[in-house]
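See below for the structure under consideration.
Just the heavy atoms: all of them, side chains too, but no hydrogens, waters or symmetry mates, feed the values below.
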Amino acid sequence: MLIKIAKPSDLHESDVTPESIYLSRRRFMGGMAGLGAGLALSGHAQAAAEDYSDVPEGDAPGWLKEKISDAKWDAITPSDPEKDKLAPFDDASQYNNFFEFGTDKGDPARHAGSLETQPWSVVVDGEVNNGGRFALEDLVKPSQFEERIYRLRCVEAWSMVIPWLGIPLAEIIKRADPTSKAKYVRFETLVDPDQMRGQRSSFSIIDWPYVEGLRLDEAMHPLTIMAMGMYGRELPNQNGAPLRLVVPWKYGFKSIKSIVRISLVEEQPVNSWQQIASDEYGFYANVNPNVDHPRWSQATERRLPNTLFNSNTIDTRMFNGYEDEVAELYAGMDLRKHY
């Protein structure tokens, strides 16, 4: 169950220096204990086990099972247990956008079983001193898994609340040792048309690989994680196994799935949807109820699950409810221009 916060935090992004974000794990966890009015840290291993009792077991490799069993279950949770109830696992795993497997919301669940996620490797390159190709287990081995219960907001104006398992992206970047030229982080999804039927479709509008990017300070922010699990188990293929990005204050298309490359770069990368329709999709993709998508109002959202008799429509919050934590990243920026 989600935990009600007794009082808001008095820690703001301006109080967190870059070193405290990524050079000190103890200070990092202390910072997470104070992050924003919408979050809390709470020990709830027993509650989590009860919540996930109906979640089907996956087929994680031994190293991943060990990481999950040793996870820090002091979850970061939304503060409003009525408004921010967890989506049922079936909804979170059956209603997805993952165009590598098709354009219908049910296509990923129907077709992603063809994806082989073991073994998996990730290239870390670009403006780094410690780059290379790393087996996924080696990439994450030094870090402890943590649970993060985050709101997920799609630009199509639907949303869910999902419990992720993963590690801060900042820890991977820190170990890569970026050079002074690194200003952005660029991500690529796997390209394998034999396994990903959407990539061999003649109707695809995406120039594969799927590409996403973050500014370096966004990537280093404590809320930004690399997820390898959800609901107490490994990620299902349709949710981006074995490695996906989760940036909770941005629209869901920023959370790139099945990542095989992380590059530190000097120039701002062009993400896939920006390349397809730059008038509809910008680089930043921050959740903003005051700036509509040309096809969808962003003022409200459908919180899933919903029914024919209960649309479960709620007001959208600035930065998806994480304004206290991230607004300082965009101080002085015109968020209509930098959408």
Heavy-atom distance under 4.5 Å between the side chains of Leu304 and Asn312, does that happen here?
no
Can you see whether Arg110 engages Gln238 through a side-chain donor-acceptor pair at a distance of less than 3.5 angstrom?
no
Okay, side chain of Gln195, backbone of Asp192: is any donor-acceptor separation there less than 3.5 Å?
no
With no hydrogens and no angle check, just 3.5 Å: does a side-chain donor-acceptor pair link Asn96 and Lys105?
no
I'd like to check Leu243 versus Ser258 (side-chain heavy atoms, cut-off strictly below 4.5 Å). Are they in contact?
no
Let's go through Ser114 and Arg197 carefully: what are the C-alpha distance in whole Å and the side-chain angles of both, what is the deciding distance for side-chain hydrogen bond (donor to acceptor under 3.5 Å, both in side chains) to 0.1 Å, and is it a yes or a no?
CA-CA 9 Å; Ser114 62; Arg197 58 186 290 152; over 6 Å; no
How far apart are the C-alpha atoms of Phe101 and Phe98, what are their side-chain angles, what is the distance that settles it, and do they pass the ring pair (Phe, Tyr, Trp, His ring centres under 6.0 Å) test?
CA-CA 6 Å; Phe101 296 101; Phe98 199 172; 5.0 Å; yes
Going by side-chain contact (heavy atoms from CB on, under 4.5 Å), name the residues that satisfy it together with Asn288, two or more places apart in sequence or in a different chain.
Asn290, Val291, Met318, Leu335
Is any side-chain heavy atom of Arg148 less than 4.5 Å from a side-chain heavy atom of Glu146?
yes
Tell me, please, which residues at least two apart from Arg336 pass salt bridge (charged side-chain N to carboxylate O under 4.0 Å, His left out).
none
Show the numbers, then the answer: is there a ring pair (Phe, Tyr, Trp, His ring centres under 6.0 Å) between Trp158 and Tyr95?
CA-CA 11 Å; Trp158 55 265; Tyr95 192 89; 5.0 Å; yes
Any residue meeting salt bridge (charged side-chain N to carboxylate O under 4.0 Å, His left out) with Arg244, in chain and number order, not counting sequence neighbours
none
Here the gap from Met160 atom CE to Cys154 atom SG, rounded to the nearest 0.5 Å, amounts to 9.0 Å
Test item: Ser272 side-chain N/O and Val211 main-chain N/O as donor-acceptor pair under 3.5 Å:
yes
The reported gap from OH in Tyr281 to NZ in Lys254 (rounded to nearest 0.5 angstrom) is 13.0 Å
Is Tyr322 close to Tyr150 at the side-chain level, that is, under 4.5 Å between some pair of heavy atoms?
yes
Is there a donor-acceptor pair under 3.5 Å between the side chain of Ser204 and the backbone N or O of Gln199?
no
Leu139 versus Val124: any side-chain heavy-atom pair under 4.5 Å?
yes
Cluster link Trp249 to Tyr339, ILVMFWY, side chain under 4.5 Å:
no
Can you give the donor-acceptor pairs under 3.5 Å from side chains of residues 259-267 to other protein atoms, not counting sequence neighbours?
from	atom 1	to	atom 2	distance (Å)
Arg261	NH1	Asp125	OD2	2.3
Ser263	OG	Asp125	OD1	2.5

Decide whether Tyr251 and Trp273 meet the rule of one side-chain donor and one side-chain acceptor closer than 3.5 Å.
no
Between the side chains of Tyr184 and Glu127, is a donor N or O closer than 3.5 angstrom to an acceptor N or O?
no
Could you check whether Arg175 and Ser143, counting side-chain N and O atoms only, form a donor-acceptor pair closer than 3.5 Å?
yes
Return the set of residues passing salt bridge (charged side-chain N to carboxylate O under 4.0 Å, His left out) with Arg233 (not counting sequence neighbours), or none when no residue passes.
none
Would you check if there is a donor-acceptor pair between the side chains of Glu301 and Ser159 at a distance under 3.5 Å?
yes
Distance-minimising heavy-atom pair for Val161 and Lys85
CB-O, 3.4 Å
Check whether Asn306 reaches the backbone of Arg302 with its side chain - one donor and one acceptor, N or O, closer than 3.5 Å.
no
Give me the ring orientation class for His293 and Trp296: parallel if the planes are under 30° apart, tilted from 30 to 60°, perpendicular past 60°.
tilted
Return yes if a side-chain donor-acceptor contact under 3.5 Å exists between Asn271 and Glu212, otherwise no.
yes
Please assess Glu147 against Lys72 for the test salt bridge (charged side-chain N to carboxylate O under 4.0 Å, His left out), listing each intermediate value before the final yes or no.
CA-CA 6 Å; Glu147 184 181 59; Lys72 187 175 182 64; over 6 Å; no
Please enumerate all residues that pass side-chain contact (heavy atoms from CB on, under 4.5 Å) together with Asp207, with sequence neighbours excluded.
Gln275
